[in-house]
Amino acid sequence: MSYLVANLPPIQCYVKKEYLYDFQKGHGEFEPCYWVSVKSIKGRALYIESYLSNYGALYDKLPISAYVWRTDIKEEEQLPLDFLEIWDAFSYHITVIKKELLFGMDTKVFMKDKKFYDGYYLFTIDSCHSEPNELNTRVSETPNEHESINIIKLDNGQFAAQPNNRILFYDQSLTPGGLKIPDFKVSTEEFYCEDSTKWSVGDSDDFFYNMDEK
């Protein structure tokens, strides 16, 4: 679990140059780059750091809306930041994982306009509150509020950061032709396997806990 900053896969893409000039110029231009790291500040959009190879420079703290993976994009198809990433960061403590079963799977992402956008899965960013001596002021460990954030490469040239419940994943081998529509409820329970009122081994030194259930 990283604090504040975590490494990213070196995704080769482009940054919209207006982001490099604080929106004062560079509109409609693109600069090739590689993703380097992600920064998670509670209550803000995820910030991506990229390496600008033509300059040998690092540029930090840009949102996911700053990046595209191709330059022949159609401006009318570009989605705003609040569509691409619907939740601000939950915590300073994050981890980055590529879920091997999902890697490269085609996806459909359900956006705020109630339309599906095609893409495919790259990796996931998850968070928690891992410092017991700090007051937990966010909801990264609340079952019905916590979200894993999946990074999706969209067909329109952009990238999206979306939770599980906004994405459908498709695999040619695993997914049947006629999919059911998910109608599940959000999990609100916290599950525990230890209940000392039913079973306890605190007063036993038997190697295999050879004792009767209370």
Side-chain angles (χ1 to χ4, degrees), residues 1-13 15 33-51 60-69 79 81-112 116-131 136 138-175 179 182 184-188 190-191:
M1 182 65 63
S2 299
Y3 181 80
L4 186 62
V5 179
N7 285 308
L8 286 183
I11 303 297
Q12 185 176 6
C13 57
V15 59
C33 66
Y34 294 84
W35 284 358
V36 176
S37 67
V38 61
K39 190 186 305 290
S40 179
I41 299 175
K42 288 193 300 185
R44 298 189 194 177
L46 292 170
Y47 288 150
I48 295 174
E49 177 186 45
S50 55
Y51 173 63
D60 198 5
K61 296 182 289 293
L62 292 182
I64 201 166
S65 57
Y67 298 95
V68 292
W69 58 269
L79 299 170
L81 175 59
D82 68 306
F83 274 53
L84 299 173
E85 181 183 355
I86 61 174
W87 302 120
D88 290 327
F90 292 101
S91 173
Y92 289 102
H93 298 273
I94 57 172
T95 188
V96 178
I97 181 174
K98 183 176 74 174
K99 298 178 179 180
E100 288 295 338
L101 178 64
L102 301 180
F103 182 66
M105 274 194 187
D106 291 331
T107 63
K108 287 186 179 295
V109 182
F110 191 63
M111 296 288 189
K112 284 184 175 180
F116 282 100
Y117 290 80
D118 294 333
Y120 70 88
Y121 171 86
L122 294 177
F123 58 89
T124 299
I125 300 170
D126 215 331
S127 62
C128 75
H129 181 78
S130 63
E131 177 47 69
N136 186 359
R138 306 297 286 188
V139 292
S140 60
E141 296 185 10
T142 304
N144 59 315
E145 295 292 340
H146 167 266
E147 303 283 359
S148 296
I149 303 301
N150 303 291
I151 305 302
I152 305 297
K153 187 177 182 180
L154 296 174
D155 285 1
N156 75 343
Q158 294 182 285
F159 298 92
Q162 295 286 322
N164 290 344
N165 63 331
R166 309 287 291 193
I167 307 172
L168 298 177
F169 297 88
Y170 296 86
D171 181 86
Q172 289 185 346
S173 176
L174 302 177
T175 309
L179 286 182
F184 315 127
K185 298 295 184 181
V186 173
S187 177
T188 62
E190 294 183 359
F191 298 96

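Note that these values count all heavy atoms, side chains included, but never hydrogens, waters or copies made by symmetry.
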**Student:** Quick check for you: to the nearest 0.5 Å, what is the distance between Tyr51 atom OH and Tyr34 atom OH?
**Tutor:**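 So the OH of Tyr51 and the OH of Tyr34 are separated by 9.0 Å.
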
**Student:** Could you tell me the separation between the NE2 atom of His93 and the OG1 atom of Thr95, rounded to the nearest 0.5 Å?
**Tutor:** 12.5 Å

**Student:** Between Phe90 and Ser127, is any pair of side-chain heavy atoms under 4.5 Å apart?
**Tutor:** yes

**Student:** Looking at CD1 of Ile152 and CG of Asp118, how far apart are the two atoms once the value is rounded to the nearest 0.5 Å?
**Tutor:** 11.5 Å

**Student:** Decide yes or no for Glu49 and Val38: does some side-chain heavy atom of the first lie under 4.5 Å from some side-chain heavy atom of the second?
**Tutor:** no

**Student:** Between the side chains of Arg44 and Asp88, is the shortest nitrogen-to-carboxylate-oxygen separation below 4.0 Å, so that they form an ion pair?
**Tutor:** no

**Student:** side-chain contact (heavy atoms from CB on, under 4.5 Å) between Leu168 and Phe116: does it pass, once the steps are laid out?
**Tutor:** CA-CA 9 Å; Leu168 298 177; Phe116 282 100; 4.1 Å; yes

**Student:** With a 4.5 Å heavy-atom cut-off, do Pro163 and Trp87 have their side chains touching?
**Tutor:**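 Yes; the side chains approach each other to less than 4.5 Å.
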
**Student:** Write down the atom of Lys42, the atom of Tyr92, and the distance for their closest heavy-atom approach.
**Tutor:** CE-CE1, 3.3 Å

**Student:** Hey, are the side chains of Phe123 and Ile97 touching, using non-hydrogen atoms and a 4.5 Å cut-off?
**Tutor:** no

**Student:** I want to check something: taking the side chain as every heavy atom from C-beta on, are Lys39 and Leu46 in contact at a cut-off of under 4.5 Å?
**Tutor:** no

**Student:** Could you tell me if the side chain of Ile64 sits less than 4.5 Å from the side chain of Ile151, heavy atoms only?
**Tutor:**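 In contact.
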
**Student:** I need the Phe83 CZ to Tyr117 OH distance, nearest 0.5 Å.
**Tutor:**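 It is 6.5 Å, given to the nearest 0.5 Å.
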
**Student:** For Val96 versus Ala6, what's the shortest heavy-atom pair and its separation?
**Tutor:**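 That closest heavy-atom pairing would be CG2-CB, 3.8 Å.
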
**Student:** Is the backbone of Leu154 close enough, under 3.5 Å, to the side chain of Trp69 for a donor and an acceptor to pair up by distance?
**Tutor:** yes

**Student:** Do Asn164 and Asn150 come within less than 4.5 Å of each other through their side chains, counting heavy atoms only?
**Tutor:** yes

**Student:** Looking at Ile149, is its backbone amide N or carbonyl O close enough to the side chain of Gln162 to form a donor-acceptor pair, meaning the two atoms are under 3.5 Å apart?
**Tutor:**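 Flag not set: sc Gln162 to bb Ile149 has no pair under 3.5 Å.
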
**Student:** Once you measure the plane-to-plane angle for Phe159 and Trp35, does it fall in the parallel (<30°), tilted (30-60°) or perpendicular (>60°) bin?
**Tutor:**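 Phe159 and Trp35: tilted rings.
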
**Student:** In Å and rounded to the nearest 0.5 Å, what is the CG to OG distance from Asp126 to Ser148?
**Tutor:** 3.5 Å

**Student:** Take atom OH in Tyr120; do more than 12 heavy atoms of anything else shown fall under 6.0 Å from it?
**Tutor:** no

**Student:** Got a sec, which pairs hit salt bridge (Lys or Arg N to Asp or Glu O under 4.0 Å) with one end in residues 92-101, sequence neighbours left out?
**Tutor:**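 The answer is Lys98-Glu100.
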
**Student:** Under 3.5 Å, is there a donor-acceptor pair between the side chain of Thr107 and the main chain of Gly119?
**Tutor:** yes

**Student:** Could you tell me whether a side-chain N or O of Gln158 sits under 3.5 Å from a main-chain N or O of Leu79, the two making a donor and an acceptor?
**Tutor:** yes

**Student:** Using side-chain heavy atoms (C-beta onward) and a distance below 4.5 Å, is Asn156 in contact with Val68?
**Tutor:** no

**Student:** Going through the distances and angles, do Tyr67 and Ile48 end up as a side-chain contact (heavy atoms from CB on, under 4.5 Å)?
**Tutor:** CA-CA 9 Å; Tyr67 298 95; Ile48 295 174; 3.8 Å; yes

**Student:** So which atom in Ala45 and which in Leu81 form the shortest heavy-atom distance, rounded to 0.1 Å?
**Tutor:** CB-CD2, 4.2 Å

**Student:** Going from OH on Tyr121 to CZ on Phe103, what distance comes out if it is rounded to the nearest 0.5 angstrom?
**Tutor:**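 Output value for this atom pair is 9.0 Å.
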
**Student:** With a 3.5 Å distance limit and no angle check, can you tell me whether Ser40 reaches the backbone of Ser91 through a side-chain donor-acceptor pair?
**Tutor:**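 The answer is yes, because a donor-acceptor pair under 3.5 Å joins these two groups.
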
**Student:** Between Arg166 (side chain only) and Val109 (backbone N and O only), is there a donor and an acceptor less than 3.5 Å apart?
**Tutor:** no

